[in-house]
Amino acid sequence: MRVLVTGGAGFIGSHVVEALRAGGHEPVVFDLREGTGRDVRDATAVSAALAGVDAVCHQAAMVGLGDGVADAADYVSHNDLGTAVLLSSMAGAGVRRLVLAGSMVVYGEGRYTCADHGVVRPGPRTEADLARGRFEPVCPRCGAELSPGLVGEDAPADPRNVYATTKLAQEHLAAAWARCTGGSAVSLRYHNVYGPRMPRDTPYAGVASFFRSALARGEAPRVFEDGRQRRDFVHVEDVARANVAALTAGSAEGVLTVFNTGSGEPHTVGEMASALASAYGGPAPVVTGEFRLGDVRHITADSTRLGAELGWKPVVGFEEGMREFAAAPLRGE
């Protein structure tokens with residue numbers, strides 16, 4: 001299969017390209033980093049790249065926190081306009097198979113259970129509570145403590161920042177494209193991806209890159225809040241294999257199918273910082289109590305649907321992955 005990989009020179013995209021080649025497929029890299037001005041917002045360039053292509057793996061995006069509004073136009077332009085141009089060009093070229101790099105950020109906060117009120121959805125945490133060190137969300141009905149759990153694909157979306165909003169809009173665009181063309185569209189909602197070739201000092205994938213960059217400078221990783229935030233850290237090679245599985249599976253036509261893509265092993269941010277520092281041989285993490293307004297407290301995935309329907313399962317364990325990540329060069333080093 002000949003597959004156009006947008007963002008194919010980037011962190012995740014480059015691993016997808018390698019996984020496709022290993023599977024006997026022919027990846028075609030489309031990326032601004034190639035120095036050719038190949039921008040998904042350029043309909044002429046996209047249409048030319050789609051010639052002879054069987055499927056598209058859409059990894060290109062402007063990534064980051066997107067926690068303000070000053071750069072909202074840039075996020076919307078790169079992520080949503082870019083996706084719209086790509087989908088329009090695919091419709092014209094008759095390409096009917098798409099795998100989209102989705103994100104767990106579309107959920108906002110994770111799944112919580114109140115002892116008295118069952119599953120609830122707490123609102124955004126207030127600056128006043130965070131400043132007092134009250135990091136855990138509480139039940140919106142009674143104010144009681146909550147128990148965090150795994151988020152399934154049927155959880156309602158609740159994006160909490162500009163970046164998250166553009167990722168949800170990408171899914172809506174892909175769903176509309178699938179309905180209009182009868183195409184097959186899959187969104188893999190990545191959790192916290194880490195691994196070799198991650199850009200240094202980037203907010204993408206949460207704190208993994210920041211911690212690794214700090215260790216490379218001989219500094220202790222600085223852990224925000226109390227370090228007990230739960231995340232799902234998934235290795236980039238497992239994510240790349242999930243993309244190949246989604247591209248080659250017989251997905252439903254005319255609809256968007258969504259899959260959580262995580263390791264299935266929740267860990268706290270503090271645990272990740274300690275494991276990485278230990279593997280690197282650097283200074284132990286420092287828990288600062290600092291916070292970023294708009295961050296969510298706990299977000300971990302239930303990725304069983306991806307395994308059940310596509311036969312995928314992660315193979316890189318947390319400890320093994322952190323040892324490798326500690327020794328791997330980052331992009332920009």
Fill in: Polar contact flag, side-chain donor to acceptor under 3.5 angstrom, R231-H191
no

Practice prompt. Check whether any side-chain N or O of T6 sits under 3.5 Å from a backbone N or O of Q59 as a donor-acceptor pair, and report yes or no.
Written response: yes

Worksheet item: Quick one: are V234 and Y190 in side-chain contact, heavy atoms under 4.5 Å?
Response: no

Worksheet item: Hey, is CD on E219 packed in by over 12 heavy atoms from elsewhere, all under 6.0 Å?
Response: yes

Worksheet entry | Side-chain donor or acceptor of S47 paired with backbone N/O of A43 under 3.5 Å | yes

Fill in: N79 side-chain N/O to M62 backbone N/O, donor-acceptor pair under 3.5 Å
yes

Discussion item. Treating R241 as the side-chain partner and A19 as the backbone partner, does any N or O pair qualify as donor plus acceptor under 3.5 Å?
Written reply: no

Discussion item. Between N260 (side chain only) and V151 (backbone N and O only), is there a donor and an acceptor less than 3.5 Å apart?
Written reply: yes

Worksheet item: Hey, is CZ on R2 packed in by over 12 heavy atoms from elsewhere, all under 6.0 Å?
Response: yes

Worksheet item: Is there side-chain contact between F233 and S263, with at least one heavy-atom pair below 4.5 Å?
Response: no

Worksheet item: Are more than 12 heavy atoms from other residues, nucleotides or ligands located less than 6.0 Å from atom CZ of R228?
Response: no

Worksheet entry | Aromatic plane relationship, H267 with F318 - under 30° parallel, 30 to 60° tilted, over 60° perpendicular | parallel

Fill in: Result of checking L4, L87, T181, V186 against L98 for side-chain contact (heavy atoms from CB on, under 4.5 Å)
L87

Discussion item. Under a 3.5 Å threshold, yes or no: a donor from one side chain and an acceptor from the other, between S184 and E253?
Written reply: no

Fill in: Donor on one side chain, acceptor on other, H235 and E324, under 3.5 Å
yes

Worksheet item: Okay, side chain of T166, backbone of D80: is any donor-acceptor separation there less than 3.5 Å?
Response: no

Practice prompt. Could you check if a side-chain atom of L276 sits within less than 4.5 angstrom of a side-chain atom of P221, using non-hydrogen atoms only?
Written response: no

Worksheet item: Is there a donor-acceptor pair under 3.5 Å between the side chain of T165 and the backbone N or O of N161?
Response: yes

Item to complete: Decide yes or no on side-chain contact (heavy atoms from CB on, under 4.5 Å) for M198 and R212, but give the supporting numbers first.
Response: CA-CA 10 Å; M198 174 180 277; R212 175 63 173 74; over 6 Å; no

Worksheet entry | Side-chain (E136) to main-chain (L146) donor-acceptor, under 3.5 angstrom | no

Worksheet item: With side chains defined as the heavy atoms from C-beta onward, is the minimum distance between D31 and S14 less than 4.5 Å?
Response: no

Practice prompt. Apply side-chain contact (heavy atoms from CB on, under 4.5 Å) to the pair T257 and E153, showing each step before the final yes or no.
Written response: CA-CA 10 Å; T257 306; E153 289 89 347; over 6 Å; no

Worksheet item: Can you check whether R111 reaches V119 side chain to side chain, under 4.5 Å on heavy atoms?
Response: yes

Discussion item. For the backbone of D129 and the side chain of T126, can you confirm whether one donor and one acceptor N or O come within less than 3.5 Å of each other?
Written reply: yes

Item to complete: Say whether T83 and Q170, considering side chains only, have a donor N or O and an acceptor N or O under 3.5 Å apart.
Response: yes

